[in-house]
Amino acid sequence: MKYLAHYVIFGALAFSGVLSYAFYKKSIAEEREILENASYNLVNTWEFPELLYEVSGIAWVNDSTLACIQDEEGVIYNFNLNTSEITKDTRFAKDDDYEAIALNGTMAFVMRSDGHIFEIADIMADTLVVSDFKTRFDSKNNMESLAYQPEHDRLITIAKDEGLDKDRYKGVYAIPLETHEQDEQPLFAIDLKWDAFKALEKKKIENTFKPSDIAIHPKTGDFYIVDGTSPHLLIVSASGSFKALHELNKFHFAQPESLTFSPEGTLYIANEAANGVATMFEVTLKDKEGVE
């Protein structure tokens, strides 16, 4: 009887191993098929530590480091790309709903979901100097996007939910750092009636495309805007004309909440831990023809 029990346990373990291997092979085959049909390639992958399970913003620091923020924590975390570890944490404010980060050298800007922006003069200093200012947005706009545009010394943002005009357009706005006052008129507007959005169109037009973050390509000046609700990556020229809309498969991008570029133009997209761990991918995009 004792040996029978051993055989039963061994058999169960062996069956479990075979089943796991079968699922693993199926998963590999499924991913291969997804990538063959996708308009992107995955070059590198990282898993964030548990402290960043709700990573809501990333910004390029240098070849080995990204600055990251975690939703609902007033802390900037330095994430090491080589070791996948947090090497420094810097508290800049009390815990709240922080959704985006942008850097100008060692100066950091963090956006709260109500459109409030916190400016940290030098995140490497022993004693932080933090100030804050308001934009024309508030909590109903649900702000999650922020980028720094060095050639104009200004911040760039766009609403996730309804825009300021409450119609089919979502304006991309500039905030000059000389004045800290948001421009009255947008640089340009995303037209939610573009043909590329037809398959995504919702009853409430503002829900058709919901920006979770924005970044500017350092070489082309194009604007890259990610939607984490219905994972897509929109590319718009510096003048505001439509260039491409890439679908991001949920197999890889369960909840893409943030993106950033290296100075050379390497694209990184980070996911909150929707059903597992928070992840980040180095992404290259395939040529994709689009229509407005």
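Note that the structure is a prediction, hence the values are computed from the model and not measured. For the numbers below, each heavy atom of this structure counts, side chains included, while hydrogens, waters and symmetry mates do not.
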Query - Where P186 and G171 come nearest, the two heavy atoms and their spacing - result: CB-CA, 3.9 Å
Requested in this report: Could you list the residues that satisfy side chain to side chain donor-acceptor pair (under 3.5 Å) with N41, not counting sequence neighbours?
Outcome: none
Query raised in the report: Same hydrophobic cluster for I158 and L234, using side-chain heavy-atom links shorter than 4.5 Å among ILVMFWY?
Result: yes
Query raised in the report: Considering all heavy atoms of both residues, which atom of Q70 and which atom of E54 are nearest to each other, and what is their separation?
Result: OE1-N, 2.8 Å
Query raised in the report: Is there a path from V61 to F261 through hydrophobic residues (I, L, V, M, F, W, Y) whose side chains come within less than 4.5 Å of each other?
Result: no
Requested in this report: Determine, using the 4.5 Å side-chain heavy-atom cutoff (strictly less than), whether L233 and L42 are members of one ILVMFWY cluster.
Outcome: yes
Query - Approximate separation, where rounding is to 0.5 Å, of K286 NZ and Y40 OH - result: 9.0 Å
**Report entry** Criterion side-chain contact (heavy atoms from CB on, under 4.5 Å) on V283 and F253, from CA distance to verdict
**Finding:** CA-CA 11 Å; V283 180; F253 298 98; 4.0 Å; yes
Query raised in the report: Pairs in or reaching into residues 125-136: which pass side chain to side chain donor-acceptor pair (under 3.5 Å), with residues at least two apart or in two chains?
Result: H116-D132
**Report entry** Interatomic distance, D195 atom CG to E201 atom CD [nearest 0.5 angstrom]
**Finding:** 10.5 Å
Requested in this report: Decide whether L187 and I216 are clustered together by the hydrophobic rule: side chain heavy atoms of Ile, Leu, Val, Met, Phe, Trp, Tyr closer than 4.5 Å, transitively.
Outcome: yes
Requested in this report: Walk me through it: do K170 and L192 pass the test side-chain contact (heavy atoms from CB on, under 4.5 Å)?
Outcome: CA-CA 8 Å; K170 285 189 179 178; L192 299 177; 4.2 Å; yes
Query raised in the report: If two hydrophobic side chains count as joined below 4.5 Å and joins carry through other members, does Y98 share a cluster with I117?
Result: no
Requested in this report: Decide side chain to side chain donor-acceptor pair (under 3.5 Å) for D122 and T106; before the verdict, give the C-alpha distance in whole Å, the side-chain angles of both, and the deciding distance to 0.1 Å.
Outcome: CA-CA 5 Å; D122 183 356; T106 58; 3.2 Å; yes
Query raised in the report: So does E50 have more than 12 non-hydrogen atoms from other groups sitting under 6.0 Å from CD?
Result: no
Pairs of donor and acceptor atoms involving the side chains of residues 267-274, under 3.5 Å and at least two apart or interchain, shall be tabulated with distances.
unit_1	atom_1	unit_2	atom_2	d
N271	OD1	Q255	N	3.4
N271	ND2	H252	O	3.2
N271	ND2	T279	OG1	3.2
E272	OE1	Q255	NE2	3.3

Query raised in the report: Is any side-chain N of the basic residue among D138 and K140 closer than 4.0 Å to the acidic one's carboxylate O?
Result: yes
Query - ILVMFWY clustering at 4.5 Å (side-chain atoms), partners of V277 - result: none
Requested in this report: Among I190, I214, L245, V172, find the one that has a side chain to side chain contact (heavy atoms under 4.5 Å, CB included) with V236.
Outcome: I190
Enumerate donor-acceptor pairs with a distance under 3.5 Å from any side-chain N or O in residues 221-231 to protein atoms, sequence neighbours excluded.
unit_1	atom_1	unit_2	atom_2	d
D222	OD2	T220	OG1	3.3
D222	OD2	K243	NZ	2.9
D227	OD1	T229	N	2.8
D227	OD1	S230	N	3.1
D227	OD2	K210	N	3.0

Report summary line: Sequence neighbours excluded, the answer for side-chain contact (heavy atoms from CB on, under 4.5 Å) partners of K204 is E206, N207
Report task. Tell me, please, which residues at least two apart from P176 pass side-chain contact (heavy atoms from CB on, under 4.5 Å). Result -> T179, D183
Requested in this report: Sequence neighbours left out, what passes side-chain contact (heavy atoms from CB on, under 4.5 Å) with N37? Give chain and number order.
Outcome: E33
**Report entry** Value rounded to 0.5 Å, distance of CG in L81 from CD in E282
**Finding:** 9.0 Å
Query raised in the report: For V130, which residues count as a side-chain contact (heavy atoms from CB on, under 4.5 Å) partner, sequence neighbours excluded?
Result: F92, F118, I120, L128
Query - Working for side-chain contact (heavy atoms from CB on, under 4.5 Å), residues I69 and I76 - result: CA-CA 5 Å; I69 56 169; I76 298 172; 4.2 Å; yes
Report task. Verify the neighbour count for atom OH of Y53: are there more than 12 heavy atoms of other residues, nucleotides or ligands below 6.0 Å? Result -> no
Report summary line: Heavy-atom nearest pair, A159 first then E162, reads CB-O, 3.4 Å
Requested in this report: Among residues two or more places apart or on two chains, list those pairs meeting salt bridge (charged side-chain N to carboxylate O under 4.0 Å, His left out) that have a residue in residues 92-106.
Outcome: R91-D95, D96-R112
Query raised in the report: Would the number of heavy atoms belonging to other residues, nucleotides or ligands and lying under 6.0 Å from CE of M107 be above 12?
Result: yes
**Report entry** Contacts of type ring-ring contact (aromatic ring centres under 6.0 Å, His included), residue F48, not counting sequence neighbours
**Finding:** F79
Query raised in the report: Where is the tightest heavy-atom contact between S145 and S212, given as atom of each residue plus distance?
Result: OG-C, 3.5 Å
**Report entry** Qualifying ring-ring contact (aromatic ring centres under 6.0 Å, His included) pairs, either residue in residues 128-166, two or more places apart
**Finding:** F133-H180, F137-Y173
Query - Derivation and outcome, side-chain contact (heavy atoms from CB on, under 4.5 Å), residues L51 and D89 - result: CA-CA 11 Å; L51 273 174; D89 58 84; over 6 Å; no
